[in-house]
Amino acid sequence: MRTNNSKVKNTIISVYFMLIVLAITFLFVFRTFTYNVANPMLLFIGIALGFALLFFLVHFVSKFFEYDSDGLKVVITNRGLLFSDKFNYREHILEFDKNELYAFKFKNYFFYKTLTFYLKNSKGKKTVETFNTTLVNRRKRRYIRQSLSKIIKANKKALQSNE
């Protein structure tokens, strides 16, 4: 099964555009706020920090996610949503054989969702890999969960038949 969240890129671009328009609007309306405040510089710093926090929160959450379980290997890719064609500094790729997967877990925080993979290689070494799935819609997360559950079920069946 192959799935990704490429359609959400336009939404993120729109959010960035709205943040920039809102920041410019606050700059023009800033004089109105300064008449009622004792220290206008403190108000300006507060507004600037608020916009910086919102900007970096959107930047942290907005990641491209691709899941591919066709074939003998599973390939999961996480990379930055904007400027990912030129600057690929936020890329995280995991490629593993299906028989290495022994568990997975979706975690849902308030603004952030993750998918954690628990893998065991042929030597018995266990590794944990976490991916950002915040912008993957619920239906696609359900399909990914079904695919991974099917892989784990097949692994348990193969392990029981080998014993």
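What's counted below: heavy atoms across the whole structure, side chains too, no hydrogens, waters or symmetry copies. Position 1 is the first residue of the sequence; numbering continues from there.
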Salt bridge (charged side-chain N to carboxylate O under 4.0 Å, His left out) partners of Lys73, counting only residues at least two apart
Asp97

Taking Asn5 for the side chain and Phe64 for the main chain, is one N or O donor matched with an acceptor at less than 3.5 Å?
no

ILVMFWY cluster, Phe60 and Met18 together (side-chain gap under 4.5 Å)
no

Tyr67 ring center near Phe131 ring center (under 6.0 Å)
no

Strictly distance-based, threshold 3.5 Å: is any side-chain N or O of Asn155 a donor or acceptor partner for the main-chain N or O of Lys98?
yes

Of all pairs that satisfy ring pair (Phe, Tyr, Trp, His ring centres under 6.0 Å), the ones with a partner from residues 135-161, not counting sequence neighbours:
none

Give every residue pair that meets the salt bridge (charged side-chain N to carboxylate O under 4.0 Å, His left out) criterion with at least one member in residues 53-69, sequence neighbours excluded.
Arg2-Glu66, Arg2-Asp68

For residues 40-49, tabulate all N or O donor-acceptor pairs below 3.5 Å that involve a side-chain atom, not counting sequence neighbours.
none

To the nearest 0.5 Å, what is the distance between NZ on Lys157 and CG on Leu159?
13.0 Å

Side chain Asn78, main chain Asn132, donor-acceptor under 3.5 Å
yes

Can you give me the closest heavy-atom contact between His92 and Glu129, atom names plus distance?
NE2-OE1, 2.9 Å

Identify all side-chain donor-acceptor contacts of residues 106-114 below 3.5 Å with residues at least two apart in sequence or on another chain.
none

Ile93, Val74: one ILVMFWY side-chain cluster at the under-4.5 Å cut-off?
no

Heavy-atom closest pair (Ile152 atom, Ala103 atom, distance to 0.1 Å) is CD1-CA, 3.7 Å

List the residues meeting salt bridge (charged side-chain N to carboxylate O under 4.0 Å, His left out) with Arg139, not counting sequence neighbours, and say none if there are none.
none

Pairwise side-chain contact, Ile76 with Phe96, heavy-atom cut-off 4.5 Å (strictly under)
yes

Between Ile151 and Phe65, is there a shared hydrophobic cluster once you connect ILVMFWY residues whose side-chain heavy atoms come closer than 4.5 Å?
yes

Set of residues satisfying side chain to side chain contact (heavy atoms under 4.5 Å, CB included) with respect to Leu53, sequence neighbours excluded:
none

For Glu100, all residues meeting salt bridge (charged side-chain N to carboxylate O under 4.0 Å, His left out), sequence neighbours excluded:
none

Not counting sequence neighbours, which residues clear side chain to side chain contact (heavy atoms under 4.5 Å, CB included) with Thr25? List them please.
Val21, Val29

Can you sort out the partners of Leu54 under side chain to side chain contact (heavy atoms under 4.5 Å, CB included), two or more places apart, ordered by chain and number?
Leu19

Other than Tyr118, what residues sit in its cluster of Ile, Leu, Val, Met, Phe, Trp and Tyr side chains whose heavy atoms are under 4.5 Å apart, directly or through others?
Tyr102, Val128

Rounded to the nearest 0.5 Å, what's the gap from OG on Ser62 to CZ on Arg90? Could you check?
5.0 Å

Grouping I, L, V, M, F, W and Y whenever their side-chain heavy atoms are under 4.5 Å apart, do Met1 and Leu148 come out in a common cluster?
yes

Euclidean distance, Thr77 OG1 relative to Glu95 CD, rounded to 0.5 Å:
9.0 Å

List in chain and number order the residues that pass side chain to side chain contact (heavy atoms under 4.5 Å, CB included) with Asn10, two or more places apart in sequence or in another chain; answer none if no residue qualifies.
none

Treat each ILVMFWY residue as a node, draw an edge where side-chain heavy atoms are under 4.5 Å apart, and state whether Leu135 and Ile144 are in one component.
no

Can you tell me how far CG of Leu115 sits from CG of Leu94, rounded to the nearest 0.5 angstrom?
9.5 Å

